[in-house]
Each structure stands twice: as C-alpha cells, then as structure tokens.
Visitor: 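Before anything else, here's the structure in question.
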There are 2 protein chains.
Amino acid sequence: MTRPVKPKSKTDILDLAIPLFAKSGYAGVSMRDIANVVGIKAASLYHHFPDKQSLYLQAMARAFEDKAQGFAEALTVTGTPKKRLAGFVQVFTTLMSKDPYFRLLLQRELLDGDEQRLKLLAREVFREPFIAMEELAEELVPGCDTHMVAMSIASLILYHLETAPIRRYLPGGKAKHNKPDVIADHVTRLLLNGLKGCSQ
Amino acid sequence: MTRPVKPKSKTDILDLAIPLFAKSGYAGVSMRDIANVVGIKAASLYHHFPDKQSLYLQAMARAFEDKAQGFAEALTVTGTPKKRLAGFVQVFTTLMSKDPYFRLLLQRELLDGDEQRLKLLAREVFREPFIAMEELAEELVPGCDTHMVAMSIASLILYHLETAPIRRYLPGGKAKHNKPDVIADHVTRLLLNGLKGCSQ
DNA sequence: GTCTATAGCCGGATAGAC
DNA sequence: GTCTATCCGGCTATAGAC
C-alpha cells in the first residue's frame with residue numbers, strides 16, 4: 001500500500017507555486033495560498049524554504065530554467081535567411097503561446113523585477129536567442145542596428161500575446177487573432193516586407 | 001495666514017495614489033501607503049472613498065481620462081499616408097514615453113484587469129486611436145487585416161518602452177535605444193519597408 | 001475633513017511535538 | 001516532513017471625538 005500522505009519535494013512545491021505567482025504576482029500570493037494548493041500547512045513550507053522571497057526566487061529560477069534550451073530549438077531551422085526568420089518566428093510564437101505561465105512571469109518581472117532578477121533573465125534565458133536574432137538581422141540587413149531589430153521581432157510576437165485579454169474589446173479583434181499561427185504569419189510578413197507584406 | 005493643514009480633495013488623493021499603484025500594483029499598495037504620501041491618516045481616506053477597491057478604480061479612471069484626447073492630437077497629422085504614419089508613430093511614442101505612470105498602469109491592467117476594466121480601457125481610451133490606425137492601415141495596404149496591423153504598430157512602440165528596464169542587460173542594448181526619437185524612427189522604417197528599411 | 005482608537009482579520013514567520 | 005499552536009505586525013475598515 002502507498003503511504004496516505006506523500007511527502008512533497010522542493011520542486012513539487014515550486015511547480016505548484018509558479019502558476020499562482022504568474023496569475024497574482026508576488027504580493028498577491030500568500031504562503032497560505034501556496035500551502036493550500038500543495039496540500040500542506042503554511043508552516044511546513046518553511047522546512048523547504050527560509051522565507052517567502054526565497055521561495056519566489058527559486059520558483060522564478062525553475063520557471064525560467066530550460067527555457068534557453070527550448071529557444072535553442074527555435075534556432076535549428078536552416079535555409080535562406082528569410083526561411084530561417086519565418087521558422088524562428090513560427091517556433092518562438094508557438095513556444096511562448098504554449099507556456100502562458102512563463103509569459104505572465106516575464107510580464108511581471110518586467111514590471112517588478114529588480115536589477116539582479118532582470119540580469120538573470122536576460123543572461124540565462126534570452127541571451128542566446130537574442131544573439132541568434134541579431135545575427136539573422138545582420139544577414140538580412142547588413143549594417144542595421146541589430147539590437148533594435150531583434151527587440152522588434154520579440155515585440156511583435158510577445159505584445160500580440162500580451163494583449164490577448166483586451167483584444168476582443170478593440171475594433172476588429174477576433175478570437176483567431178490570438179492563434180499562434182495567425183500571429184506568426186502576420187509578424188513574418190510584416191518583418192520581411194513592411195506593411196505592404198500584410199496584404200491578404 | 002494660510003491654514004496650517006490644507007484639506008485634500010478627492011482628485012488630490014487620486015493623483016498621489018496613481019504613481020503608487022503604477023509602481024507597486026493594487027496588492028502592493030496599502031491604504032496607509034496612500035495616506036502617507038497624501039499627508040493624512042489612513043482612516044481619513046474612508047471619508048472620500050468607501051473602500052480600497054473604489055479608490056483604485058477611481059484612480060484608474062482618472063489616470064486614463066483625457067488620454068483619448070491626448071491621442072487625438074497624434075491623429076491631426078496630415079499629408080500622404082506614409083507621412084501620417086510617421087507622424088502618428090512619432091507623437092504616440094513621445095506621448096507614451098512622457099507618461100510612464102499611464103504605461104505602467106496599462107501593463108498592470110493587461111495582467112490583472114477584469115473584463116469590466118479592460119472593456120473600459122479599450123472603449124474609452126484606445127478605441128479612437130486604434131480606429132485611426134486601422135484606417136491608416138487600410139489606406140497603406142488595401143485589404144489587409146487592419147486589426148492586426150494596428151496592434152503591430154502599438155506592439156512595436158509599447159514593447160520597446162516596456163522592455164526598457166531589461167534592455168541594458170541584453171546584447172547591444174544602449175541607453176539611446178530607450179529614447180522616443182530613436183524608437184519612433186526605427187519603428188517607422190520597419191513598418192514602411194520591413195527589415196530592409198532598417199539599414200543605417 | 002481629519003483625528004485617535006480599535007476591532008477583526010490575515011500576513012509572514014517561529015517553536016516544538018510527532 | 002508535516003503538524004498544531006502561537007507571536008506579532010500590518011492590513012482594511014469602523015466608531016466617534018473634534
């Protein structure tokens with residue numbers, strides 16, 4: 001027979017805390033809230049973590065780890081620079097679309113993250129794919145400001161996802177506009193040909 | 001002689017609360033925090049507002065009112081469609097850049113806003129400029145998905161501002177990249193000619 | 001319109017039994 | 001590793017004096 005109560009590991013707790021922090025933010029989640037979803041008492045959390053901030057930081061680290069590897073897949077596309085851009089946008093959009101908790105935490109960290117956390121996020125998660133985008137930018141447009149181009153690519157993808165909750169209240173907003181394929185296609189056309197690439 | 005203590009009006013309180021909510025969010029600001037910056041005791045706030053949520057909602061309403069009018073200025077530019085796009089991007093970028101509290105509140109509402117608040121934001125603040133962008137899109141690219149194009153214009157401007165705190169930790173990120181003129185110029189070129197419009 | 005005082009709850013965190 | 005019990009401070013909100 002299995003034991004009636006299964007002891008929780010640190011990572012179990014973190015995995016259950018991540019959705020809470022994503023939905024309500026650091027100040028909006030209490031230790032009791034976390035304990036509730038884990039199925040233990042709040043005091044037991046202090047066996048695993050010295051305090052709430054430490055739990056939060058480790059939850060962030062876990063939510064962001066492996067992301068860099070996920071992004072690396074988006075860079076394996078080969079072919080002409082244009083094909084590679086299209087492939088990258090497609091894979092990156094799908095990836096971000098499928099992991100709403102990661103996206104929400106990213107949004108929250110941009111608002112509330114201190115220097116240390118933003119540095120970690122930039123260097124451990126986004127550095128590699130960002131450099132790949134910059135290299136692609138340099139190939140497509142020699143001499144361009146690669147940083148601005150890479151950021152613009154990310155902007156188009158991520159803001160279309162970020163604004164999903166308000167889209168239906170804006171003129172012309174339909175449910176289909178939140179689909180990763182629709183977004184990726186639109187973004188790719190816009191990047192490659194400007195607005196005139198967006199004709200139907 | 002002036003009175004030693006100047007009674008505070010509702011709008012005085014709201015104007016002082018707005019920066020707090022922008023910086024720390026609803027859950028991150030207490031009635032005592034607000035009372036502190038106003039220079040009164042927390043209990044006195046309940047003379048002006050029935051509860052914290054009501055204060056917050058009125059602060060949002062005030063932070064967002066007049067914004068639609070501000071945006072209307074961005075639409076007064078005349079000339080060819082391309083000139084008008086360039087003008088709109090320039091004015092909109094400068095406007096959003098100069099009002100960081102509004103931008104932060106917008107970011108927070110996209111994360112935490114309920115249906116009612118998002119509806120208000122969409123209809124009272126962004127509807128007009130959004131429609132203007134859509135009309136411009138239709139002129140520039142007849143038959144395009146005007147909603148997606150308008151959202152992409154906003155994406156490029158707003159995400160460059162939203163990512164300002166992390167930019168310096170990303171490859172190639174410089175302080176100049178956060179300047180409204182640099183962003184507006186980059187975004188305009190990208191929109192009009194795609195990536196190849198971004199050559200230096 | 002603001003104050004003091006306080007109710008009542010919920011927050012993070014600790015001590016010590018099992 | 002989890003529990004019960006508890007401390008204590010901060011929170012929203014109310015009552016009533018000035």
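Reminder, nothing fancy here: chain letters follow the sequence lines and each chain counts from 1.
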Visitor: In whole angstrom, give the distance that lies between atom CG of D33(A) and atom C1' of dC10(C).
Guide: 11 Å
Visitor: Please determine if K67(A) forms a cation-pi arrangement with F126(A), meaning its NZ or CZ atom is less than 6.0 Å from the six-membered ring centre and no more than 45° off the ring axis.
Guide: no
Visitor: Figure out the CD1/P separation between I34(B) and dC11(D), and round it to whole Å.
Guide: 11 Å
Visitor: Given atom NZ of K41(B) and atom P of dA13(D), what is their separation to the nearest angstrom?
Guide: 19 Å
Visitor: On a heavy-atom basis, which atom in E134(A) and which in A150(A) lie closest, and how many Å separate them?
Guide: CG-CB, 3.8 Å
Visitor: Would you kindly give the NZ-to-C1' distance between K8(A) and dC3(D), to the nearest whole Å?
Guide: 13 Å
Visitor: So does D112(A) pair up with R108(B), basic N to acidic O under 4.0 Å?
Guide: yes
Visitor: Counting only side-chain N and O atoms of S44(B), is one of them less than 4.0 Å from OP1 or OP2 of dC3(C)?
Guide: yes
Visitor: Identify whether the distance between the nearest side-chain nitrogen and carboxylate oxygen of R103(A) and D99(A) falls below 4.0 Å.
Guide: no
Visitor: Going by heavy atoms closer than 4.0 Å, what residues in residues 14-29 of chain A are next to DNA chain D?
Guide: none
Visitor: Do M151(A) and H160(B) have side chains that approach each other closer than 4.5 Å (heavy atoms only, starting at C-beta)?
Guide: yes
Visitor: Atom CG of L45(B) and atom P of dT12(D): how far apart are they, to the nearest Å?
Guide: 10 Å
Visitor: Hey, are the side chains of K83(B) and V77(B) touching, using non-hydrogen atoms and a 4.5 Å cut-off?
Guide: no
Visitor: Kindly say if H47(A) contacts the phosphate of dT2(D), meaning a side-chain N or O under 4.0 Å from OP1 or OP2.
Guide: no
Visitor: Looking only at side chains, do D181(A) and Q90(A) share a donor and an acceptor under 3.5 Å apart?
Guide: yes
Visitor: Take nucleotides 13-18 of chain C nucleotide by nucleotide from the 5' end and write B, S or -, depending on whether a protein heavy atom sits under 4.0 Å from the base, only from the sugar-phosphate, or from neither.
Guide: BBB---
Visitor: Do the side chains of F71(B) and V125(B) get nearer than 4.5 Å, heavy atoms only?
Guide: yes
Visitor: Under 4.0 Å: is that the gap between some side-chain N or O of S30(B) and OP1 or OP2 of dC11(D)?
Guide: yes
Visitor: Does a donor on one side chain and an acceptor on the other come within less than 3.5 Å for D33(A) and S30(A)?
Guide: yes
